[in-house]
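Heads up: the structure comes next, in structure tokens.
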Amino acid sequence: MQQTMSQPATNAPRTGAPGADRAFQWLTLLMALSVFALIALIGYELMRGARLSLHHFGWRFLVNSDWDPVNDIYGALPAIFGTLASSVIALLLAVPLGIGTAIYLTELAPLWLRQPLIMFIELLAAVPSVILGFWGMSVLVPWLRTLLFPWLQKLFGFLPLFQGPAGSGFSLLAAGIILAIMIVPIITSVSREILRSVPGLQREAAYALGGTRWEVTRIAVLSYAKKGLFGAVILGLGRALGETMAVMMVIGNSPQIVLKLFAPASTMASVIANEFNETPPAGLYPSALFELGLVLLGVTVVVNIFAQLLLKTFAGPSVKPQP
Amino acid sequence: MPAISPLTPIRASDHTAGTHGTALTARNLSVFFGQHQVLKRVSLDIAARAVTAIIGPSGCGKSTFLRALNRMHELTPEARMEGDIRLFGEDIYARHVEPVVVRRRVGMVFQKSNPFPTMSIAENVTVGLRLNGLRDKTTLTERTEQSLRMAALWDEVKDRLHAPAISLSGGQQQRLCIARALAVQPEVLLMDEPASALDPLATSHIEELILELKRNFSIVIVTHNMQQAARISDFTAFFYLGELVEFGPTNKVFMNPEKRQTEDYVTGRFG
Amino acid sequence: MTVSNHHWRRFKNGFMQTLTCACAMLVVTPLVLVFYHLLHEGFTSLNWAFFTQLPKAVGETGGGMANAIAGTFILLGQAALVGVPVGVLGGVFLSEYGSSRLNWAIRFAADTLNGVPSITWGIVVYALVVVPMHGPSALAGGIVLGMMMIPLVMRTTEEVLQLVPTGYREAALALGIAKWKMIVRIVVRTALKGIVTGALLALARVAGETAPLLFTAFGNLGWAHSLKEPIAAMPLLIFNYAISPYDDWHRQAWAGAFVLLMLVLAINVGVRFLTRDRYRRNS
């Protein structure tokens, strides 16, 4: 009956090897730490690639509005402008639509409609960027050129923003619309999570006061969820800033700073995607593209961290950025 | 018998029922969770091949005591333990002793039955053996039948050993968990309210089973159910606010308790 | 409360209900339109040759993207080899080990990594793999997609492991099973469906990535004979055909887009069926 600790032989053929346990824990730790390694790697490689350009242009890179490969002069301002402008347009379109949809889905829609709609929107998020870009250039852009632009010009032509030739349709506005389509699912689904996390008590209290559905939503739900919804919007912004293929295929790729919706422009991501394969293997040109990548990384990471902090302080770890 | 500190206040083995010696001895056992002291210098002897019941109101530290007996409390982050626990004289907290080995000798059954959902009935019984490296098919088959018989489940499942474990009823699942614990041939079996989630019929099955098992195993059972403790245990320990208030033969604790608190609790005046 | 006030409130309620409903419909419209055009242009351009032949030179009609279809699967296979083990083991750490502070930092880093633009991944792996290897390759393409999968798989793995009830872990440990065996044979086994789902969704996500492949896998009009050669991939070929001026290539691009979208959506819809009874708990 009695055994000793060192020889539990009748019980089990082998003692548990503490070494194996230790090894497994270290292995998983190493794999988990790989995310830090990847972040460091991305930062390091971009810095290394951008060294020449950083050295040559310094801070002027950010404010110089010339992007001129022929004379080897590179300034990031047109791309930064295009990135911000297209993202702002996208947000203006996607935020009301996304939050409106989220409200509809959690508060107002009939129950039978909710699941199919949610599935549809999740599928929209899964459409690859290149497919949306192709659809944009072959369906959306011609439609903009022939229908929407002339119509907008007729209505708002007195505003500078809407002036200038409607041109080819490849434009800032086209990029903004495509981006809006791409970020609306993430804004919707994160907002929906936020709204669903509003405690039921809040709602019941407002209903008990005799509120209509919309009043309950506005008073109990929206005021409670404001900060989280802001986080969802910022998350969408982070996604829009870094989006590449679809934007590149409809924006017209012209490195200019023209605050007109119908004019072509370029973004940081689209410039890299468009020109990287055409650069010589070494020199200022590829280095400037690396620096553009560095700026893009900096902007998106800062925006993403901001969004994460907003979402985490709002709802704890249960609401997380979606893939 | 190992040498036991002369300061020992209560010794089960002093009493007549503990005829097989002492399985576990706890001396000055304190357990802390962070700053909070859950157990306060508890000293207690668990008789071999007998049933020891641990009773007390919620939060009195009885589950913590049970989990300290096979080092399961170490899974709780920030848990810290002081004192000394010996299993047949051996210090289970000695530096060279692995918790894994302790747990093979001191098995445990939980409040909620938890057969592994991805495994069949037979696989559940032998999982402890297989994952500790036993490969021999004949031995595994023998142990399956032996353990299921000991857990009084064999007749009900012998024709469907390869059915998923979660196809069993709640009471059967709990007996399967007991069989799973028995298969690794422990010396002590700890049971944390094993019948509290079961209906009366299933509960009586488990109780009969416990009375049967004590012929070969030393059993410690935590229970909320006073009648259950009275029915099945040889010794009873009453815990209150992390302290061992009273310990002795079950008859004495229930009929003629020494402390006022014990009397109030077993007669249902508080709890 | 006056009657007119009451009417005004009811009107406002109805108005908002309609407005938000319109939002939802407007959000769904692009997907419907994309589907419609892909079916209309893409499905009709599909034929047997599309799946079996190589791309034809400009001017010749016909041909297909057999090499790009195969290339996409080869790239995904490599990506899975990189991303799944690292992601799953990292997710195991987050769920089963570590301190709350360290794990918070790891989660934060993983979520940050998820937000890194795909084009950035592309130039990083270009500098890391393509430059030392003196040219783009299938290997570089697989590596970049695999790296992108790591944070995705890690987070979903952690999430599904957390859904495994603690009781199973305790039961296993109480049998004297070593912790690592408990994790691998009990916890991971119990959550396996969820882990596979997460890995498949991550694969579906990178299957459509184009930007990271532009400078790494690069594309290839024929077959790649080794992983050291540039390789074709469906998103790359769709892109190249899309920006070309030839109608015949546009037709191929539509067909390719249709097939790629079906692949991605099939995985997305498929896992829904897989996960219908995902978290079996004993009751």
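Order of the sequence lines sets the chain letters (A, B, ...), proteins ahead of strands, with each chain counted from 1.
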Tell me, side chain or backbone of [X] under 4.5 Å from chain C's heavy atoms, or both, or neither?
X: A:L123; value: both
X: A:L132; value: side chain
X: A:P96; value: backbone
X: A:S138; value: side chain
X: A:V184; value: side chain
X: A:M248; value: side chain
X: A:I272; value: both
X: A:I39; value: both

Heavy-atom donor-acceptor pair, [X] side chain to [Y] backbone, under 3.5 Å:
X: C:T20; Y: C:T18; result: no
X: C:R107; Y: C:R155; result: no
X: A:S270; Y: A:V247; result: no
X: C:T157; Y: C:V153; result: yes
X: A:S287; Y: A:G49; result: yes
X: C:Q17; Y: A:L108; result: yes

Counting heavy-atom pairs under 4.5 Å to chain A, which of [options] comes out on top?
options: C:L113, C:V184, C:L265; answer: C:L113
options: C:I238, C:N268, C:V92, C:L261; answer: C:L261
options: C:I267, C:L102, C:I177, C:V28; answer: C:V28
options: C:G208, C:A202, C:A242; answer: C:A242
options: C:E158, C:H250, C:M147, C:E96; answer: C:M147
options: C:T120, C:L236, C:T112; answer: C:T112

Looking at [X] and [Y], what are the two nearest heavy atoms and their distance?
X: C:A127; Y: A:F290; answer: CB-CZ, 4.0 Å
X: C:I183; Y: C:Y97; answer: CD1-OH, 3.5 Å
X: C:M234; Y: C:V259; answer: CE-CG1, 3.7 Å
X: A:L294; Y: A:M47; answer: CD2-SD, 3.6 Å
X: C:L38; Y: C:A257; answer: CD2-CB, 3.5 Å

Below 4.5 Å from any heavy atom of chain A, which atoms of [X] appear? Answer side chain, backbone, both or neither.
X: C:V264; answer: side chain
X: C:A207; answer: neither
X: C:I150; answer: side chain
X: C:A204; answer: neither
X: C:F218; answer: side chain
X: C:V88; answer: neither
X: C:M154; answer: side chain

Among [options], who wins on heavy-atom pairs under 4.5 Å with chain C?
options: A:R218, A:E243, A:M119; value: A:M119
options: A:I99, A:L296, A:L33, A:L105; value: A:L296
options: A:V303, A:N277, A:T300; value: A:N277
options: A:L113, A:V139, A:L41; value: A:V139
options: A:T188, A:I181, A:T217; value: A:I181
options: A:P185, A:G293, A:A126, A:A109; value: A:A126

**Report entry** is_close_aromatic(A:F36, C:F108), centroid dist under 6.0 Å
**Finding:** no

Query raised in the report: Centres of the C:W254 and A:F134 rings: under 6.0 Å?
Result: yes

Query raised in the report: Heavy atoms, side chains only, cut-off 4.5 Å: are C:I243 and C:F239 in contact?
Result: yes

Query raised in the report: Is the closest side-chain heavy-atom distance between C:I123 and A:L289 below 4.5 Å?
Result: no

Query raised in the report: Between A:S189 and A:E122, is any side-chain donor less than 3.5 angstrom from a side-chain acceptor?
Result: no

